[in-house]
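The next block holds one structure in the form of structure tokens; read it before the comments.
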Amino acid sequence: MDNLTFRHSILLLEGLKVTPQSSYPVFILLLLAYVFTMISNIGLIVLISTEKNLHHPMHFLFCNLPLNDILGTTVILPRLMQDILKKTSERYITYAECVTQAYFVHVFIAACHYVLIIMAFDRYVAICNPLRYSSIMTNKMVIKLSASAWGLAILLVTIMLGLTVRLSHCRSKIENPFCDNASLFKLSCESVVINNVYGIIYTVAVLCFSAVSIFLTYVKIAAVCKSSKNQALNSKAIKTCSTHLAVYLIMFFSGAIMTFLHRFPEYSDNRKLSSIMFHIVPPGLNPLVYGLQTKEIRQKMAKLWWRKKVNSL
């Protein structure tokens, strides 16, 4: 089939496999998860943006996380919910829409890692070099770190999707609940060795880079805490770092399972479920973990809640 013609054709998206009886309950469950994720993440961004006492490098860097979570959730859930209410034979998507969705899916995944790396760097400077923190973590540095995280994610994903869209295609069904790079290049009857090799190297590199960076950062932080006699500082450092580490581990294992199960067709259903959960669980948990565990944000939320309660009386 002519490649140019096919790129303007319609693809059939597998979507989420649910029975007709369970389609509405699943739809409502996903809708509630989406609404909660959007409200909590947008709420945190608005809170940090409007409250002057939260205008610190740590909180500004943290804003990258809810922004990315909004992207990752929005690129998947609205389309997924829409398809749940359709018959499996009517879940169509254009090639351009599929590529766009796959692009932002992978930007979200990559940005998860890079954003958590720059947040770990901020904690490293704050705990291991507190006297120079204000001179290192300037507004300019925050912008540079944020731009680096997003820029690297966009660059590597652009290369990956560029290798995929060059392929001709002989199939028209996306064997996945949503579009991603592997699902797209599986449409081709050409050799996809380059795509597989780049995908595996890219995945391993991102996972290893983030894991090693964060591991070394926290080893150094732990060494400083061990040698310090300041119990208050140590307690605050451990609480902040354990929160960050918990979010990272949730994201790391969810992403690793989703990515590597793509290479094993016999675990197709498990992989599809894990891929959906990756776009629901971390974005939903991040505001709770960071928002409620960060003292300044927790106190500000409590004050706002109390103020609203008093005004309603």
Side-chain angles (χ1 to χ4, degrees), residues 13-18 23 25-45 63-85 91 93 97-116 149-150 153-154 156-157 160-161 174-184 199 202-203 206-207 210 246-262 267-291:
L13 188 62
E14 183 180 79
L16 189 63
K17 291 181 179 179
V18 293
S23 59
V26 172
F27 175 86
I28 293 172
L29 187 63
L30 291 177
L31 178 62
L32 291 174
Y34 181 64
V35 171
F36 172 77
T37 300
M38 295 298 289
I39 291 176
S40 57
N41 281 289
I42 292 174
L44 276 176
I45 294 172
C63 281
N64 287 290
L65 198 60
L67 279 173
N68 192 45
D69 288 340
I70 291 170
L71 169 67
T73 308
T74 301
V75 78
I76 293 296
L77 287 189
R79 175 79 202 197
L80 195 63
M81 290 186 290
Q82 177 186 336
D83 287 340
I84 285 175
L85 301 179
R91 296 172 179 176
I93 186 171
E97 289 174 335
C98 195
V99 171
T100 301
Q101 186 182 56
Y103 183 84
F104 287 108
V105 162
H106 288 284
V107 167
F108 162 71
I109 295 171
C112 282
H113 291 272
Y114 301 136
V115 167
L116 289 174
W150 287 99
I154 289 170
L156 295 177
V157 171
M160 182 171 64
L161 266 296
I174 299 292
E175 302 284 350
N176 206 43
F178 54 85
C179 296
D180 62 1
N181 182 59
S183 299
L184 279 170
Y202 163 79
T203 301
V206 170
L207 291 176
S210 65
V247 171
Y248 177 76
L249 290 175
I250 292 170
M251 182 273 301
F252 182 90
F253 287 110
S254 299
I257 291 170
M258 175 188 71
T259 302
F260 288 106
L261 285 180
H262 232 310
Y267 300 112
S268 175
D269 290 338
N270 294 332
R271 183 259 304 169
K272 292 169 185 175
L273 179 61
S274 67
S275 66
I276 295 172
M277 296 307 293
F278 183 80
H279 289 264
I280 297 176
V281 176
L285 287 179
N286 289 345
L288 293 178
V289 174
Y290 267 103

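- One N or O on the side chain of R91 and one on the backbone of L16 form a donor-acceptor pair closer than 3.5 Å.
- When all heavy atoms of A102 and N181 are compared, the closest pair comes out as CB-N, 4.1 Å.
- Without hydrogens or angle criteria, E14 side chain to I174 main chain gives no donor-acceptor distance under 3.5 Å.
- Using a 4.5 Å cut-off on side-chain heavy atoms (C-beta onward), T203 and L207 make contact.
- Between N68 and Y114 the shortest side-chain heavy-atom distance does not fall below 4.5 Å.
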Are L161 and L184 close enough, and set up right, to give a side chain to side chain contact (heavy atoms under 4.5 Å, CB included), and what steps lead you there?
-> CA-CA 9 Å; L161 266 296; L184 279 170; 4.0 Å; yes
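- Atom CG of L80 sits about 10.5 Å away from atom CZ of F27, to the nearest 0.5 Å.
- With contacts defined as side-chain heavy-atom distances shorter than 4.5 Å, the pair D69/F108 qualifies.
- Side-chain atoms of T73 and I280, non-hydrogen and from C-beta on, never get closer than 4.5 Å to each other.
- The closest side-chain heavy-atom distance from V75 to V107 is not below 4.5 Å.
- What you find for A153 and A111 is that their closest heavy atoms are CB-N, 3.9 Å.
- Annotation: the span from H106 atom NE2 to I154 atom CD1 amounts to 14.5 Å, rounded to 0.5 Å.
- Looking at heavy atoms from C-beta onward, Y202 lies in side-chain contact with V206 at the 4.5 angstrom threshold.
- In this structure the side chain of T74 reaches within 4.5 angstrom of the side chain of M38, judged on heavy atoms.
- For the atom pair CE (M81) and CG (L31), the distance works out to 5.5 Å, reported to the nearest 0.5 Å.
- Atom-to-atom distance recorded for I76:CD1 and F278:CZ is 10.5 Å, nearest 0.5 angstrom.
- A 4.5 Å side-chain heavy-atom check between F178 and R79 finds every atom pair outside the cut-off.
- With values rounded to the nearest 0.5 angstrom, I45 atom CD1 is found 10.0 Å from S40 atom OG.
- Between A33 and T37, the shortest heavy-atom distance links the atoms O-OG1, 2.8 Å.
- Note that CG of N286 is 7.0 Å distant from CG of N41, once rounded to the nearest 0.5 Å.
- The two atoms that bring C179 and I93 nearest to each other are SG-CD1, 4.0 Å, heavy atoms only.
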